[in-house]
Amino acid sequence: MTTVQTSVYEPLTEPKAVSLAVRLGLFRDGAPLACREIGDGNLNLVFHIVDQETKQGVIIKQALPYAKVVGESWPLTLKRAVIESNALRTFASYVPQYVPKVYYSDESLAITVMEDLSRLQIARKGLIEGKTYPLLSQHIGEFVAKTAFYTSDFGMNQQEKKKLAQSFVNPELCKITEDLVFTDPFFDHETNNFEDELRPDVEALWRDDRLHLEAAKLKRKFLTEADVLLHGDLHTGSIFVSADETKVIDPEFAFYGPIGFDLGQFFANLLLNALSRSELERQPLFDHIDRTWDVFASVFSNLWRTESVETYAATPGLLEDVLRHAFIDAVGFAGCEVIRRTIGLAHVADLDGIEHKDERLVAKRHALRLGRRLIIERRVFTGTEDFRRLFAETEQ
Ligand code: SR1
Ligand code: MG
């Protein structure tokens, strides 16, 4: 994996990003270049540079040495840029159609130069606008199935897998998830952020021993199960999409973890969008959950049966056991994500963007009930239709 080290780190500005693009020979000589910093995530700078004549562009993404969402008081490793570019390259070796092309990366500058995806839209934004994207779930199901299978002990040489896992040890970014997804929202922690009106509902979660036990089991899985290479932050803000194309971006949280985690995050963010919609408009979100799981299970099973490198793969019942646990875990992880996006540090526009406060509070209370029961009742789930059932049961 080619990541070079050149200059000393400094945060880029728009003019400096243009100079860098020219120095790297990314554009023809004398091209009239326009540049805008368009990063709207929690952590990084993102520069979009376009040749004004040919309209061709590139993205230069740069990690900052702190979490942008909080400020310089929260230092954060620049190594995440190397993790991100290596993850994109690894994913591209299995599913090039679902990730942006990486043109160049530089460890010292903490940058990844990649394909301009401005022809597509961030899935969260489009879903909030009411778009449905018919192929989104088919593509994400295939993305997760192939990246999970081929990076697992069943899809690659088991010695090579250990080396790959080593190269994706990502302690600082995993700690963000361990804290913000699995811990802080379940306790009275200073990072939490919610409307005063929700305090009684939130305090009930903080006193809920049953919930604590199940959240602790899920956190333990996240901490200990080095099963497959995960994207690690597969929410709908990490996906560019159109009617016929899907690209997964931002794998700076990539690490070896439990197979159900990426699916759970994706399911949760579809549910968060459903929570912001009227009953009549929710169906496409549940359909996406069904299809993601169906495609995942079918592609993963097919690869398992035809390409597995592990002697035990043909043992009757093993594949079914792997799929069952992936599903149950995904339901539980989805519950943690729904709760943390409602009362934790990093919210989502799907819920926060509900204009009328009363409606917003109704949706958020629903989210808390839904998240809690996803975590506690995950083992009762027999299929994705149970998401619809639980969503309806937690409405009031
Ligand atoms: C401090 S980072 C907050 C969140 O933003 C990222 O996208 C991850 O979801 C993380 O938990
Ligand atoms: Mg991100």
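Whatever order the structure lists ligands and atoms in, that order sets their numbers, starting from 1.
Rounding to the nearest 0.5 angstrom, the gap separating the CZ atom in Arg365 from the OG1 atom in Thr394 is 14.5 Å. With rounding to the nearest 0.5 angstrom, the OH atom of Tyr98 is 11.5 Å from the OG1 atom of Thr147.
Residue-level proximity to ligand 1 for Thr177 is absent, since no heavy atom of it falls below 4.0 angstrom. Under 4.0 Å from ligand 1, not a single heavy atom of Val70 appears. Contacts of Leu43 with ligand 1, taken as heavy-atom pairs under 4.0 Å, involve the side chain alone.
The side-chain contact (heavy atoms from CB on, under 4.5 Å) test with Phe333 is passed by exactly one of Lys219, Lys221, Gln265, Arg378: Lys221. Shown are Arg369, Arg372, Arg373; of these, the salt bridge (Lys or Arg N to Asp or Glu O under 4.0 Å) with Glu393 is made only by Arg373.
Ligand-side atoms of ligand 1 in range of Ala346: 3 (C), 4 (C), range being under 4.0 angstrom from any heavy atom. Near Asp233, meaning under 4.0 Å from one of its heavy atoms, ligand 1 places the atoms 6 (C), 7 (O), 8 (C), 9 (O). Within ligand 1, the atoms closer than 4.0 Å to a non-hydrogen atom of Phe253 are 6 (C), 8 (C), 10 (C), numbered from 1 in the order shown. The ligand atoms of ligand 1 that sit less than 4.0 angstrom from a heavy atom of His235 are 7 (O).
Using bins of under 30°, 30° to 60° and over 60° for the plane-to-plane angle, the ring pair Tyr150/Tyr94 lands in the parallel bin. Aromatic ring pairs are classed by plane angle as parallel below 30°, tilted from 30° to 60° and perpendicular above 60°; the pair Phe182 and Phe261 is tilted.
Electrostatic pairing of Glu385 and Arg389 does not count as a salt bridge here, judged by no charged N lying under 4.0 Å from a carboxylate O.
Distances from ligand 1 to the non-hydrogen atoms of Val69 include at least one value under 4.0 Å. Ligand 1 lies within reach of Arg341, whose nearest heavy atom is under 4.0 Å from it.
Of the protein's heavy atoms, Arg340 NH1, 2.9 Å lies nearest to atom 11 (O) of ligand 1.
Side-chain atoms of Arg282 and Asn273 include no donor-acceptor pair closer than 3.5 Å.
Nearest to atom 5 (O) of ligand 1 by heavy-atom distance, out of Val348, Asn44, Asn42, is Asn42.
The distance criterion of under 3.5 Å between nitrogen or oxygen atoms is not met by Trp74 with respect to ligand 1.
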